[in-house]
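Numbered from 1 within each chain, the chains take letters A, B, ... in sequence-line order.
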Amino acid sequence: MALELFNTLSGKIEPLFASDGRALRFYCCGPTVYDYGHIGNFRTFLHVDALRRTARLNGLGLHHVMNITDVDDKIIRNAAAAGQPIGEYCAKYERAFFEDMDALGIERPEQIARATENIDGMVSLIERLAAQDIAYKAEDGSWYFRIARFPGYGKLSKKDLHGMEDGARVDLDEYEKDAARDFALWKAAKPGEASWETPLGPGRPGWHIECSAMAMKYLGESFDLHAGGEDLMFPHHENEIAQSEAASHKPFARHWFHVRFLLVEGKKMSKSEGNFFTLRDLLLKGYRASAIRFLLLSVPYRHQLNFTFDGLTESTNAVDRLRTFNDRIRTGNWPDAAPADATLTNLIRKGDTDFTAALSNDLNTAEARAAIFDVLRAVNTAADHSRLTRFDAEETLALLNKFDSIFAVLEDRDAELTRTALAWAESEGRLDEADPSLLTTLSFSDADIDALVAERTLAKTQRNFARADAIRNELLEKGILLEDSKDGVRWKRK
RNA sequence: GGCGCGGUACCCAAGUGGUAAGGGAGAGGUCUGCAAAACCUUUAUGCGUCGGUUCGAUCCCGACCCGCGCCUCCA
């Protein structure tokens with residue numbers, strides 16, 4: 001089954017394909033690097049990551065471009081407040097952004113494009129529009145896009161602007177525009193703000209122009225897919241289409257992918273509600289990066305996800321179960337005997353088919369997840385009854401490998417990532433925000449734990465269960481859980 | 001006001017015109033020195049409410065109630 005995806009532009013689910021027959025050329029609106037990324041940002045990037053990985057699973061090559069917005073109003077304001085040049089200010093948050101992406105297992109795009117490194121392309125795009133009188137210069141030196149000259153305006157967000165009143169919301173310092181809906185392509189320089197000397201006059205880019213210019217530079221005037229959060233649909237993406245198509249007279253992106261906003265504890269995330277969380281906030285509270293990734297991916301991208309701490313705990317447990325299962329199948333010594341019958345093999349293969357089909361069906365990550373748990377239970381049951389063969393174990397591992405090529409949660413990097421977050425908090429003087437129990441748990445090194453486990457094993461062989469249980473309880477209090485099994489003792493951090 | 005989305009068990013959450021996936025949690029059991037893990041059993045005659053279409057609706061249509069999003073350079 002070919003990969004099909006909802007297309008905001010057509011309002012339908014359509015096959016996703018590479019128009020050049022080789023690589024999927026797509027653009028994703030990246031972050032404005034004025035602060036640390038929050039979980040809403042990462043929900044979007046995580047689903048774009050799942051899309052990347054699913055496309056690859058379907059045999060598509062990838063040419064993925066993501067922008068970094070490193071000049072805008074918020075950046076200028078914050079950098080000024082910090083007494084830093086915007087370049088220096090942005091570099092810090094860009095670095096943090098990629099650290100967070102790595103922590104969440106989000107793959108890097110093939111191409112990163114910074115706005116400030118692509119001013120030339122934006123200027124020439126505006127010049128192309130000016131040559132057609134679609135871009136015009138206002139008295140203050142800013143350039144605007146004349147929406148009346150682009151008949152398709154509103155086709156993405158399904159807005160009919162004819163009925164809208166001009167001037168309903170006119171910003172006081174934008175009174176020079178010809179029409180209220182006309183948007184800025186180029187903002188005239190203001191004293192004390194970053195600006196570039198260009199043929200358009202001194203100034204800086206408007207918000208939308210960077211994505212048009214950089215998408216066309218790296219992907220061509222027409223390309224396969226454009227992605228972003230649902231809020232970007234209007235006005236950002238609508239304006240991108242207008243600018244790009246008015247200049248090139250060609251269709252811009254064929255397919256549009258929008259990820260819905262998440263709710264946090266039932267409400268829209270906002271600083272004033274007190275439910276605003278960065279990734280780093282959650283790591284310091286003791287939640288694992290893998291659980292955050294799994295939770296954010298567990299609800300399909302077109303549905304609203306209600307992000308809660310209970311949900312995070314559930315996801316932690318679910319990931320644990322998957323890891324325990326993976327370890328069991330990987331390390332077990334399964335007999336070479338031929339399977340008694342094909343029942344289990346067929347079940348595993350059905351899981352494989354269901355998994356791929358679910359993802360191909362508009363990236364239904366919830367169903368894909370369920371397919372894996374179906375196999376997990378069946379294989380565990382077989383293993384419990386000594387009916388699991390090496391053949392079926394290997395089939396299972398292949399499926400787990402496929403699962404992890406999308407979900408990427410099986411490898412346990414959590415303690416290491418949390419340590420990194422703690423080190424960051426310390427360097428920022430924010431260690432007081434960390435959950436105290438985290439510090440005690442992580443204060444035990446793996447070697448410390450192994451030593452105590454060895455001592456307990458010795459006590460057990462001497463049937464000194466009191467001592468053995470004392471050690472186990474001591475570790476449990478520090479958040480370290482022991483599991484005895486036929487093949488020895490395993491431990492894990494809670 | 002305009003456009004759009006959603007209401008499924010204790011919680012999260014798929015899904016289909018033909019009789020309710022999966023995860024988490026709880027309870028009981030098997031196993032174990034005891035735990036843990038794993039497995040088994042169990043938790044919706046029911047899918048917001050009321051009508052309609054149909055042999056048959058959670059799924060289609062209509063109305064209503066509730067929640068939410070966009071229309072504000074918030075992903």
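No hydrogens or angles were tested; on distance alone, nothing pairs the side chain of Lys267(A) with the base of rC68(B) as donor and acceptor under 3.5 Å. With hydrogens and angles ignored, a donor-acceptor pair under 3.5 angstrom links the side chain of Glu314(A) to the base of rG23(B). Checked by distance alone, Arg472(A) brings a side-chain donor or acceptor within 3.5 Å of a matching partner on the base of rA35(B). Contact annotation: side chain of Asp469(A) to base of rG33(B), donor-acceptor pair present below 3.5 Å. Contact annotation: side chain of Asp484(A) to base of rC34(B), donor-acceptor pair present below 3.5 Å.
Within the 4.0 angstrom heavy-atom criterion, no nucleotide atom of any strand lies near His236(A). Residue-level contact check: Val299(A) touches the backbone only, with heavy atoms under 4.0 Å from sugar-phosphate atoms and none from bases. Looking at heavy-atom distances under 4.0 Å, Pro31(A) makes no contact with the nucleic acid at all.
Stacking between Phe465(A) and rG33(B) is shown: the ring centroid lies under 5.5 Å from the centre of the six-membered base ring, and the planes differ by under 30°. Residue-nucleotide stacking is present for Phe261(A) and rA75(B), judged by a side-chain ring centre under 5.5 Å from the six-membered base ring centre and planes under 30° apart.
The 5' end of RNA chain B is approached more closely, in terms of each residue's nearest nucleotide, by Ser157(A) than by the other of Asn306(A) and Ser157(A). Residues Asp374(A) and Asn380(A) each lie close to RNA chain B; by heavy-atom proximity, the contact nearer the 5' end of the strand is made by Asp374(A).
Distance from the side chain of Arg328(A) is smallest to rA38(B) among rG69(B), rA25(B), rA38(B). For Leu481(A), the listed nucleotide lying nearest its side chain is rA36(B); candidates were rA36(B), rG22(B), rC68(B). Nearest nucleotide to the Lys268(A) side chain, out of rC40(B), rC70(B), rA37(B): rC70(B). For Leu376(A), the side-chain atoms get nearest to rC39(B) when compared with the rest of rG23(B), rC39(B), rC74(B).
rC59(B) and rC47(B) are spaced 9 Å apart, taking the C1' atom of each and rounding to whole Å. To the nearest whole angstrom, the two C1' atoms, one in rG4(B) and one in rA25(B), are 34 Å apart. Taking atom C1' in both rU49(B) and rG6(B), the straight-line distance is 16 Å, to the nearest Å. For the C1' atom pair drawn from rA14(B) and rG22(B), the interatomic distance equals 7 Å after rounding to whole Å.
For the pair Tyr89(A) (side chain) and Tyr34(A) (backbone), a donor-acceptor distance under 3.5 Å is present.
In this structure, Tyr144(A) has its ring center at least 6.0 angstrom away from the ring center of Phe183(A). Between Phe145(A) and Tyr153(A), the distance separating the two ring centers is not shorter than 6.0 angstrom. With ring centers used as reference points, Phe277(A) lies 6.0 Å or more from Phe42(A).
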key: Check against ring-ring contact (aromatic ring centres under 6.0 Å, His included), Phe26(A) and Phe257(A)   = CA-CA 10 Å; Phe26(A) 70 111; Phe257(A) 176 84; 8.9 Å; no
